[in-house]
**Student:** 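Sharing a structure below in structure tokens format, with a few things to ask.
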Amino acid sequence: MELSVKKVTHVDNLRLSDDGRSVVIIDQTQLPNRTIYLTLSSVEEMFEAIQQLKVRGAPAIGICAGYCLSCLAKQIPAPDTAGFLSELAKQRDTLNSSRPTAVNLSWALNRVYQAAAENQPLPREALLDRVQQEAVKIHEEDIAMCRAISEYGLSLIHEGDGILTHCNAGPLATSRYGTALGPLFLGKEQGMQFRVFADETRPLLQGARLTSYELYHAGIDVTLICDNMASLVMKNGWVQACFVGCDRVAANGDTANKIGTSGVAILAHYYGIPFYVLGPTSTIDRSCKTGENIQIELRDPDEIKTKFYQEPMAPAGVKCYNPAFDVTDHSLITAIVTEKGICHAPYQESIATLFS
Ligand code: MRU
């Protein structure tokens, strides 16, 4: 994995290299202290980057994986069509096994693979071009989707509001603007004033390391809180709405997002605060009937016990449970904001209408 360090002026979280043979990402695990760019060329480096959260956030994982598969297609010597496709399917499946919960990963990989499968009659160079175009299209579409989500989301914010967010659903997690943070960046551009509370988001601190970093540098009034402070901040009357992203939305509106999200939704319900989920339609998985069908990623216990600490903060042998996501019941969600519009309950119907 090639490594370079530079100062960022514009957050360009991921892109295809100029020769189209590798993917360049910001290593999000190094933020906010270091801005390090990694160049991913092999399937092992790509798998590791996604699995270790160097690139993370559902839409960004999808965009990155699409680019990765397009680069890997160029490395396949493939003497014949069937050989090429079966090798590409193998690479797709390897990348797809890096993280199970965000549906954008399989969604983007399948789109890029299909572009190869459907254009088989083309000569090799034209076929590879077509595959790359599909990956670029996924990225371009995400930019447009984030912008539309930001506009719909902004219609839910009033001047002076306090907004609470969990994890990171900003530009680093997507392409530009972000989903849950998109309305805040757009509102700031339009001169609106509001105050944001960012949950630190244990155990990997995406809220502290990434959300507060993005908002602070954009000049947005952001206050970082520990996850267990959300209840008090709501009780104080400082929060008028919660905005969160999503990793997979089931057909009935149940939503998987970063661990701790469902707790925020339960608190918001208790205090009568609207709880909004923002995400592109690519994060809706209609093949999942309910949240029960969503696979939740379990991660290394050391992320809780040792990561970010100078010395272990628990006995080495103690049992640890480290689910990366939880599912918020649809009954706790005030609305789901997509690029195609805002869905309200009953979600089974409003989501189906989005796709009709
Ligand atoms: O484990 P992560 O950091 O990839 O989890 C990210 C989240 O849960 C985000 O809220 C979600 O992917 C939406 S990003 C626009």
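Order of appearance sets the numbers: ligands from 1, and atoms from 1 within every ligand.
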**Student:** Under 3.5 Å, is there a donor-acceptor pair linking the side chains of Thr201 and Asp199?
**Tutor:** no
**Student:** Give the atom numbers and elements of ligand 1 that come within less than 4.0 Å of a heavy atom of Ala169.
**Tutor:** 14 (S), 15 (C)
**Student:** Do Lys235's NZ or CZ and the ring of Tyr270 fall within the cation-pi criteria of under 6.0 Å and 45°?
**Tutor:** no
**Student:** At the 4.0 Å heavy-atom cut-off, does Cys246 count as touching ligand 1?
**Tutor:** yes
**Student:** Pairs of nitrogen or oxygen atoms closer than 3.5 Å, one from Ala58 and one from ligand 1: do any exist?
**Tutor:** yes
**Student:** For the 3.5 Å polar cut-off, considering only N or O atoms, please tell me whether Thr174 and ligand 1 meet it.
**Tutor:** no
**Student:** For Lys137, is there an ion pair with Glu140 - N to carboxylate O distance below 4.0 angstrom?
**Tutor:** no
**Student:** Could you say whether the N/O atoms of Gly57 and ligand 1 ever approach to under 3.5 Å?
**Tutor:** yes
**Student:** Quick check on contacts: which atoms of ligand 1 are under 4.0 angstrom from a heavy atom of Thr179?
**Tutor:** 15 (C)
**Student:** So do Phe275 and Leu267 actually touch side chain to side chain, heavy atoms under 4.5 Å?
**Tutor:** no
**Student:** In the protein, which heavy atom is nearest to atom 11 (C) of ligand 1, and how far is it?
**Tutor:** Asp247 OD1, 3.1 Å
**Student:** Run the numbers for me: atoms of ligand 1, each under 4.0 Å from some heavy atom of Asn257, listed by number.
**Tutor:** 7 (C), 8 (O), 9 (C), 10 (O), 11 (C)
**Student:** Arg99 heavy atoms, cut-off 4.0 Å: which ligand 1 atoms fall inside?
**Tutor:** 1 (O), 2 (P), 4 (O)
**Student:** May I ask you to list the atoms of ligand 1 that are less than 4.0 angstrom from any heavy atom of Gln206?
**Tutor:** 1 (O), 2 (P), 3 (O)
**Student:** In terms of residue, atom name and distance, what is the protein heavy atom nearest to atom 14 (S) of ligand 1?
**Tutor:** Ala173 CB, 3.6 Å
**Student:** Are a donor atom and an acceptor atom from the side chains of Tyr177 and Glu189 found within less than 3.5 Å of each other?
**Tutor:** yes
**Student:** Taking Asp247 for its side chain and Thr101 for its backbone only, find out whether a donor-acceptor pair lies under 3.5 Å.
**Tutor:** no
**Student:** Rounded at 0.5 Å granularity, tell me how far CG in Leu204 sits from CD in Gln52.
**Tutor:** 9.5 Å
**Student:** Is the closest heavy atom of Ala324 to ligand 1 under 4.0 Å?
**Tutor:** no
**Student:** For Asn293 and Thr290, indicate whether the former's side chain and the latter's backbone hold a donor-acceptor pair under 3.5 Å.
**Tutor:** yes
**Student:** Under 4.0 Å, heavy-atom basis, I'd like to know which part of Asn168 is in contact with ligand 1: side chain, backbone, both or neither.
**Tutor:** backbone
